[in-house]
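Below, chains carry the letters A, B, ... as their sequence lines are ordered, and counting in each starts from 1.
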Protein chains: 2
Amino acid sequence: MKECVFVITNDNDKSASKRDLRREQLLAIAVERFAKHGYHNTKISDIVADAGVAQGTFYWYFKSKEAIGLEIIRSGRERLLQVIAKGYRSQSGSVSEMVEGSQRLLKDIFQFADENRYFMELLLTGGEDESIRRASKETRIDMEEAFRRNIERATELGMLPGSMNLHMRAALLVSLIEGVIARWLFGPIHPNSDLARLTAEELAAETVRFEFFGLLGI
Amino acid sequence: MKECVFVITNDNDKSASKRDLRREQLLAIAVERFAKHGYHNTKISDIVADAGVAQGTFYWYFKSKEAIGLEIIRSGRERLLQVIAKGYRSQSGSVSEMVEGSQRLLKDIFQFADENRYFMELLLTGGEDESIRRASKETRIDMEEAFRRNIERATELGMLPGSMNLHMRAALLVSLIEGVIARWLFGPIHPNSDLARLTAEELAAETVRFEFFGLLGI
DNA sequence: TAAAACTGACTGACTAGTCAATCTTGAAGG
DNA sequence: CCTTCAAGATTGACTAGTCAGTCAGTTTTA
């Protein structure tokens, strides 16, 4: 196994060896092509052509096509969960503070999604290879779990009514967020909708309003 | 083109010729396999083996693999939009009447999704072949448009605040509904969640509560 | 008895993964 | 500062397997 477990370059910033750079290059090309054209429609020969290297080089860096797919999911998952974990609520506060905090979290998530759109596309819509499908599902369960903890905490702090079914609410919330991201970044976009033109911040404001107050809301 | 445009069997119910039956059989097998294993992972040889016919027979009924995929989307789209169109609001009413109406519509949609789970899976998560991806997107835009009309009508009748951005709300709502269906029927399901065990009616009740009142709601 | 339905072996295109040969790099030794 | 040389990195033609689609011939149907 040459797994190279995502070494956080300790302090010597002259890191990023030539080897790592090529690896990153191949990963970047692969994630873009997987998202744009799908896993099966992406040939290794496409990836190496884009990178300007020979077919054999790919297999110097990755064991197989499946391996690079799983690597993409794994590294994206780590970073996404870090963003969500930041939203974990530690202090009680007013409703408007809670709404603001939620909006901040959503903005961060949307920003992450925007900066990692190909990963998000793969995560939310890609499920061609069985093992990648499974890895995506696990990541999305983690995501739901992270939101469940956030809601639970907010409930403990008396900021949300205790009557609600936690898991149900988390599932509804994550459904909403995933759906919004999917529409925002990679359609299907209604021609008259200006959804795609919103910034992460604006989208977060709209979404949080719906999240807390629903269609009847303020 | 032998497109056979979904003839609504006029009145002679002795319809469903042998030919149509075989066609339906192949369609049913294909949609199930496409949803379960993906489009690319489904071989024509799998489909015909399931149906107990020879490879050549498939090509007697369908021009190509792509053709059967598009046919699946097309016929499902028609039926889905019919269900949504029934929710079009003609009469004004109280808030609770509106909520009830919305809940009824959601129940119908969830029921349809349940009865056509393979089609829904293909619609919501399938995008391996470019033309099928496009057809799915178009269908989902139609769906959003149908909901937009419903919301617009409810706003005209004074049942929803006029302040909201119509397209935005429709996009948020459809995101929520699509996400809920995806989680309900084909995961990713959090192990502790009982989402998957809900009936269409119960799910509609939960969803509509979130739809109108949000996390802070009643 | 002719059209419709069906058969299944076959083809041709495609593509993940291999491998023996070659080039590059950088450190050790002179 | 130069040479050596082994590990690291790269090459691209090749293999082996897969699979959509074909077609000449056979059986069923009405």
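- Residue B:Thr57 is the one, among A:Ser45 and B:Thr57, whose nearest nucleotide of DNA chain C lies closer to the 5' end (criterion: closest heavy atom).
- Rounded to a whole Å, the NZ atom of B:Lys65 is 15 Å from the P atom of D:dT18.
- In this model, the phosphate group of C:dC6 is not approached by any side-chain N or O of B:Tyr59 to a distance below 4.0 Å at OP1 or OP2.
- Rounding to whole angstrom units, CD of residue A:Glu66 and P of C:dA16 are separated by 13 Å.
- Between B:Phe34 and B:Tyr39, the two ring planes are tilted [angle within 30° to 60°].
- Using a 4.5 Å cut-off on side-chain heavy atoms (C-beta onward), A:Ile181 and A:Ile109 make contact.
- As a whole-Å value, the separation of A:Ile47 CD1 from C:dG17 P is 11 Å.
- Of the listed nucleotides (D:dT22, D:dC19, C:dG17), D:dT22 has the atom at the smallest distance from the side chain of B:Gln55.
- Between B:Trp60 and C:dC6 there is no side-chain polar atom (N or O) within less than 4.0 angstrom of OP1 or OP2.
- Taking atom CG of A:Asn41 as the reference point, atom P of C:dT15 lies 9 Å away to the nearest angstrom.
- With D:dT10, C:dG17, C:dT15 as the choices, the nucleotide that has an atom nearest any side-chain atom of A:Arg22 turns out to be D:dT10.
- Nucleotide C:dA16 holds its P atom 10 Å from the NE2 atom of A:His40, rounded to whole Å.
- Checking the phosphate oxygens (OP1, OP2) of C:dC6, a side-chain nitrogen or oxygen of B:Tyr61 falls inside 4.0 Å.
- Between A:Arg169 and B:Arg209 the shortest side-chain heavy-atom distance falls below 4.5 Å.
- Rounded to whole Å, the distance from NZ on B:Lys43 to P on D:dG21 is 15 Å.
- Mapping A:Tyr39 and A:Gly56 onto DNA chain C by nearest heavy atom places A:Tyr39 closer to the 5' end of the strand.
- Panel note: side chain A:Trp184, backbone A:Asp114; no donor-acceptor pair is recorded below 3.5 Å.
- Going from atom CD1 of B:Ile44 over to atom C1' of D:dT22 covers 13 Å, rounded to whole Å.
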